[in-house]
Amino acid sequence: MSFESWVKNSWLERLQSDAGEIARLLALADGRLADYQKAVSAKLSPDVQLGLAYDAIRVCGTAALRAAGYRVIRGNNEHYRTIEALEFFDRPGTKNHPDAR
């Protein structure tokens, strides 16, 4: 699979982003990580800790997709698709990597 196959499957759409949007998303992820660290320190339940960590990862994935010029189409398992799309970012220099477009 590739970004383009996901676009053809209507799981992603091409949509340009800007530095401000990426900065806002990364700030949101930083906030979730800070909340996670507080939850660990306060010995909150593992469910709370997992929820905060998951949300931080999901927002980072959203930031990565947006920086690459894509967005997960709403109503189409957005959280799942966001996390799954991270596989496209671990192989720089391959045809699936966004820099190869």
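At least one side-chain heavy atom of L65 sits less than 4.5 Å from a side-chain heavy atom of F3.
Under the salt bridge (Lys or Arg N to Asp or Glu O under 4.0 Å) criterion, the residue pairs touching residues 68-80 are E13-R71, with sequence neighbours excluded. Residue pairs satisfying the side chain to side chain donor-acceptor pair (under 3.5 Å) criterion with at least one member in residues 27-38, sequence neighbours excluded, are listed as follows: R32-D55.
Listed here is the closest heavy atom pair of S17 and I22: OG-CD1, 3.9 Å. Across L52 and A39, no two heavy atoms sit closer than the pair CD1-CB, 3.9 Å.
L28 belongs to a hydrophobic cluster whose other members, connected by ILVMFWY side-chain contacts under 4.5 Å either directly or through intermediates, are L25, V59. When hydrophobic residues (I, L, V, M, F, W, Y) are linked wherever their side-chain heavy atoms come within less than 4.5 Å, L33 remains an isolated member.
Listed by chain and number, the residues in a salt bridge (charged side-chain N to carboxylate O under 4.0 Å, His left out) with R81 amount to none (sequence neighbours excluded). By the side-chain contact (heavy atoms from CB on, under 4.5 Å) test, L50 pairs with no residue at all, sequence neighbours left out. For S41, there are no side-chain contact (heavy atoms from CB on, under 4.5 Å) partners at least two apart in sequence or on another chain. The side chain to side chain donor-acceptor pair (under 3.5 Å) test applied to E84 returns no partner, not counting sequence neighbours.
Taken from CD in Q16 to OH in Y70, the straight-line distance is 9.5 Å, to the nearest 0.5 Å. Here R66 contributes atom CZ and T82 contributes atom OG1; the two are 11.0 Å apart, rounded to the nearest 0.5 Å. Between the SG atom in C60 and the CD1 atom in I83 there is a gap of 9.0 Å [rounded to 0.5 Å].
Within a 6.0 Å sphere centred on OH of Y54, other residues, nucleotides and ligands contribute more than 12 heavy atoms.
Checking side-chain atoms of D18 against main-chain N and O of E21 turns up a donor-acceptor pair under 3.5 Å.
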Using atom types as modelled, flag every donor-acceptor pair under 3.5 Å from a side chain in residues 5-12 to any protein atom, sequence neighbours excluded.
unit_1, atom_1, unit_2, atom_2, d
S5, OG, S2, N, 2.8
S5, OG, S2, O, 2.8
N9, ND2, S5, O, 3.3

